[in-house]
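The structure appears below as structure tokens.
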2 protein chains.
Amino acid sequence: MDAEVQESLDLEKALKAIASPRRLQIMQWLQDVAANFPAQVHGDPVEHGACNLFITDKLEVSQPAASRHMKVLVEAGLVVPTARSGWVYYRRNEPAVDALKHRLLAL
Amino acid sequence: MDAEVQESLDLEKALKAIASPRRLQIMQWLQDVAANFPAQVHGDPVEHGACNLFITDKLEVSQPAASRHMKVLVEAGLVVPTARSGWVYYRRNEPAVDALKHRLLAL
DNA sequence: GGACTCCATAACGACTTTGCTCTATCGTTA
DNA sequence: TAACGATAGAGCAAAGTCGTTATGGAGTCC
């Protein structure tokens with residue numbers, strides 16, 4: 001366990017981030033981008049993650065609503081955004097997710 | 001892992017229950033009732049848990065506010081209340097907590 | 001340049017959360 | 001019986017959440 005990642009994790013923020021059906025769902029989808037989202041022209045599924053547009057479509061909410069959900073996840077440190085020529089891709093921040101699990105095991 | 005406990009766990013409810021500084025704190029206090037609360041005349045710390053009154057005092061909120069926090073934890077299944085001659089004692093529901101951890105490890 | 005797509009932010013409304021105070025209930029005790 | 005202490009519920013206000021539509025910036029394509 002990386003001590004720096006562990007310390008930087010805001011437990012309350014991370015818990016609130018995933019204590020939402022939509023965002024929990026997103027985290028699960030992002031576990032396997034290639035399997036859960038359409039093929040992407042740009043942006044490698046593994047390296048960069050899923051295109052924001054696909055996430056919005058799957059969530060079946062408006063684009064601003066999806067945008068805000070992603071922002072919550074990013075600010076909780078659980079997801080990493082990659083802006084690339086107009087598109088934004090999101091991938092899980094696995095060290096942070098592991099840190100969250102580790103903290104929760106101590107509860 | 002008890003399959004019945006596992007299935008009965010409402011993940012979203014449990015997450016929302018602990019995604020609150022106060023309630024997270026309560027769960028941590030209840031890990032060691034004898035160490036975190038004054039000695040109780042009635043109600044065994046291990047068997048029954050901590051007296052609601054002590055929890056209210058430690059939280060430093062009004063009695064109804066503490067009462068409602070405990071209700072949220074009970075309804076999430078994470079805590080078990082024991083009513084005993086006017087007082088209510090709360091203890092952690094360890095199987096449910098373990099079930100929650102188990103579910104979160106899959107995220 | 002002009003039209004288009006993608007994304008983020010602002011503004012709004014409905015609903016939920018969380019604190020408070022006041023009140024009712026219930027068991028113990030004088 | 002009457003008084004007291006612990007708890008839960010009702011009612012209220014402030015703040016947060018989550019959805020929407022409207023708007024504007026940034027990049028792509030003709």
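Quick caveat, the model's predicted, so the values are computed rather than measured. First the proteins, then the strands, lettered A, B, ... as listed; each starts at 1. Hydrogens, waters and symmetry mates are skipped; everything else that's a heavy atom, side chains included, is used.
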* Asked: Between A:Tyr90 (OH) and C:dC6 (P), how many Å, whole number?
  -> 14 Å
* Minimum-distance pair of heavy atoms, taken over all atoms of A:Leu105 and B:Lys101 -> O-NZ, 3.0 Å
* Look at the side chain of A:Ser20 and decide which nucleotide, out of C:dC20, D:dC18, C:dA8, has an atom nearest to it. => D:dC18
* Donor/acceptor link under 3.5 angstrom from B:Arg68 side chain onto base of D:dG9 -> no
* Asked: Checking all strands, does B:Ala65 fall into the base, sugar-phosphate, or nothing category for heavy-atom contacts under 4.0 angstrom?
  -> sugar-phosphate
* To do: Look at B:His69 and C:dT17 and indicate whether a side-chain polar atom (N or O) is within less than 4.0 Å of OP1 or OP2.
  => no
* Report the distance from atom NZ of B:Lys16 to atom C1' of C:dT18, rounded to the nearest whole Å. => 15 Å
* Asked: Closest nucleotide of DNA chain D for A:Pro64 versus for B:Lys71: which of these residues is on the 5' side?
  -> B:Lys71
* For B:Ile18 and C:dT18, what is the distance between atoms CD1 and C1' respectively, to the nearest whole Å? -> 18 Å
* **A:Arg23 and A:His69 side chains, donor-acceptor separation under 3.5 Å** => yes
* To do: Give the nucleotide from the list C:dT21, C:dC6, D:dT20 with an atom nearest to the side chain of A:Trp87.
  => C:dC6
* To do: Classify the side chain of A:Gln63 and the base of C:dA8 as holding, or not holding, a donor-acceptor pair under 3.5 Å.
  => yes
* Structure fact -> Value for CD1 (B:Ile18) from CD (B:Gln25), rounded to nearest 0.5 Å, stands at 13.5 Å
* Closest contact, heavy atoms only, A:Trp87 versus A:Cys51 -> CD1-SG, 3.5 Å
* Counting just side-chain N and O atoms, does A:Arg84 come under 4.0 Å of either OP1 or OP2 of D:dG27? -> no
* Structure fact -> Assign each of B:Leu53 and A:Gly86 the nucleotide of DNA chain D bearing its closest heavy atom; nearer the 5' end lies the nucleotide of B:Leu53
* **Spacing between A:Met70 atom CE and D:dT17 atom P, to the nearest angstrom** => 17 Å
* Structure fact -> When rounded to whole Å, the CZ to P distance for the pair B:Phe54 and D:dG5 reads 15 Å
* **Where B:Leu9 and B:Ala76 come nearest, the two heavy atoms and their spacing** => CD1-O, 4.4 Å
* To do: Report the distance from atom CZ of B:Arg23 to atom P of C:dT16, rounded to the nearest whole Å.
  => 15 Å
* Taking the side chain of B:Asn52 as its heavy atoms from C-beta onward, which of D:dA8, D:dG19, C:dA8 lies nearest to it? -> D:dA8
* Euclidean distance, atom OH of residue A:Tyr89 to atom C1' of D:dG27 [Å, nearest integer] -> 12 Å
* Does B:Ser67 have a side-chain nitrogen or oxygen under 4.0 Å from the phosphate oxygens OP1 or OP2 of D:dA8? -> yes
* Quick one: A:Glu75 CD to D:dT17 P, roughly how many Å, whole number? -> 11 Å
